[in-house]
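This report concerns only the one structure given below.
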Amino acid sequence: MGNQVIGIDLGGTAIKLGRFTEDGNCLQSLIVDTPQPATPEAVLSAIVDAISQIDPDNQTIAIGVGTPGPADATGRIAKVAINLAGWHDVPLADWLEAKTGKPTILANDANCAGLGEAWLGAGCNFPNLILLTLGTGVGGAIILDGKLFVGHQGAAAELGLITLNPDGPMCSSGNQGSLEQHTAISAIRRRTGKEPAELGALAQAGDAQALNFWQEYGKDLGIGLTSLIYVLTPQAVIIGGGVSASFEFFLPSMQAEIEKRVLPTSRLGLQILPAKLGNSAGMVGAAKLALTKI
């Protein structure tokens, strides 16, 4: 059987937990509601309770947690957490270790999704990749030589916050015209008055306006990725998050933009792929993170 670990994906509405073997087999999983208000204490107690359900015989030896916001470079502290009440510098790893006796490590949820896709998903053949998650926000992860790149403070790979258009809409980050402001769900609503799923269905049905929108969307995404590809020269770019359901409609224009703008030497053999693990990517990646503690 080998060692077993727990991967936890902590979100604003739900907490997903899985018990995994070292080779990535999920033995048991569980989803519980995130307590409201989601204070650090309430969330800690919900997690501890869920762990006892998923690992009643105490077989696991480490815990990984993905949190909706940056962790510190050592993976101990949740610095802030989006959609969770009162989260500032929460020493979640210390707390969980004290309650469970198991070594614990934290990472940002997009980083966990990147690790998950790299381990068991679309990125399993590529030691160097970028993951971009297109959802409520636009998150990212960078894997270099098989390892998560988090930077010296732990906050690297905020890929959605790069500048796309210096005169574009204001971003809550303080950046104007960030990639996120052009490609997140709220940006799609602002640009079209419609939901991404609706635009996907319309495109599927051959609606010219929707197809045109996805073409423009792919173009923006391609331009944003151009900067990232020049800096990182990944083997693969993986596109995840809810909006990636329409991948087939924005891929052609995105690819065309990258081919037009990026020198062949910087994109040799580059693969652009849809993510494979869907909503479980974060939980899978958190388990992979836990394995690094063993």
Side-chain angles (χ1 to χ4, degrees), residues 1-11 14-32 34 40-41 43-79 81 84 87 89-121 123-124 127 131 141-151 154 157 277 279-294:
M1 207 61 180
N3 293 317
Q4 291 181 24
V5 294
I6 290 178
I8 301 173
D9 180 13
L10 168 57
I15 306 170
K16 304 183 187 76
L17 304 91
R19 178 160 59 92
F20 290 83
T21 61
E22 260 173 305
D23 56 4
N25 188 11
C26 184
L27 302 170
Q28 200 180 343
S29 65
L30 176 68
I31 299 178
V32 298
T34 306
E41 297 72 17
V43 167
L44 175 70
S45 117
I47 289 176
V48 170
D49 180 53
I51 287 171
S52 64
Q53 292 179 57
I54 205 169
D55 185 19
D57 306 327
N58 202 18
Q59 291 171 291
T60 56
I61 57 172
I63 298 170
V65 187
T67 65
D72 69 321
T74 57
R76 311 290 307 155
I77 296 165
K79 297 176 94 156
L84 300 180
W87 284 66
D89 295 324
V90 176
L92 187 60
D94 291 348
W95 289 2
L96 279 170
E97 286 179 356
K99 293 270 192 198
T100 65
K102 302 176 201 293
T104 300
I105 182 167
L106 317 176
N108 158 282
D109 53 5
N111 282 345
C112 283
L115 269 179
E117 289 291 342
W119 185 28
L120 301 177
C124 61
L131 170 81
I142 296 169
I143 310 261
L144 298 175
D145 296 326
K147 293 183 186 68
L148 200 53
F149 174 70
V150 297
L277 299 176
N279 287 337
S280 61
M283 177 181 77
V284 171
K288 181 63 174 168
L289 197 62
L291 289 169
T292 65
K293 291 294 278 186
I294 294 173

Let me see the working for V150 and N108 under side chain to side chain contact (heavy atoms under 4.5 Å, CB included), right down to the final yes or no. CA-CA 9 Å; V150 297; N108 158 282; over 6 Å; no
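- For the side-chain contact (heavy atoms from CB on, under 4.5 Å) test, residues two or more places apart in sequence or in another chain that qualify with A118 are L129, I143.
- Partners of S45 by side chain to side chain donor-acceptor pair (under 3.5 Å), not counting sequence neighbours: none found.
- Smallest separation of non-hydrogen atoms from A107 and A71: CA-CB, 4.2 Å.
- For the pair A46 and I15, the tightest heavy-atom approach, listed with the atom from each and the gap, is CB-CD1, 4.3 Å.
- In this structure, the side chains of L84 and T34 come closer than 4.5 Å at one or more pairs of heavy atoms.
- Nearest heavy-atom pair across A93 and T104 is CB-O, 3.7 Å.
- Under the side-chain contact (heavy atoms from CB on, under 4.5 Å) criterion, D57 pairs with Q59, sequence neighbours left out.
- Atom-to-atom distance recorded for N111:CG and T67:OG1 is 9.5 Å, nearest 0.5 angstrom.
- The side chain to side chain donor-acceptor pair (under 3.5 Å) search around D23 returns T21, not counting sequence neighbours.
- Not counting sequence neighbours, the partners of C26 by the side-chain contact (heavy atoms from CB on, under 4.5 Å) test are F20, S29.
- Of the residues V65, L92, L30, the one that meets the side-chain contact (heavy atoms from CB on, under 4.5 Å) test with I8 is V65.
- To the nearest 0.5 Å, atom CD1 of residue I6 and atom OG1 of residue T60 are 3.5 Å apart.
- The side chain to side chain donor-acceptor pair (under 3.5 Å) check on Q28 picks up R19, with sequence neighbours excluded.
- Listed by chain and number, the residues in a salt bridge (charged side-chain N to carboxylate O under 4.0 Å, His left out) with K16 are D9 (sequence neighbours excluded).
- A141 and A157 get closest at one heavy-atom pair: CA-CB, 4.1 Å.
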Let me check something: any side-chain donor-acceptor pairs from residues 279-294 under 3.5 Å, sequence neighbours excluded? List them with distances.
from	atom 1	to	atom 2	distance (Å)
S280	OG	L277	O	2.8
T292	OG1	L289	O	2.4

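- For residues 101-111, the set of pairs meeting the salt bridge (charged side-chain N to carboxylate O under 4.0 Å, His left out) definition, not counting sequence neighbours, comprises D55-K102.
- Applying the side-chain hydrogen bond (donor to acceptor under 3.5 Å, both in side chains) test to every pair with at least one member in residues 89-98, sequence neighbours left out, gives these pairs: R76-D94, R76-E97.
- Annotation: side chain of L106 is not in contact with side chain of I77 (no heavy-atom distance under 4.5 Å).
- When atom types are taken as modelled, the side chain of E117 and the backbone of G123 share no donor-acceptor pair closer than 3.5 angstrom.
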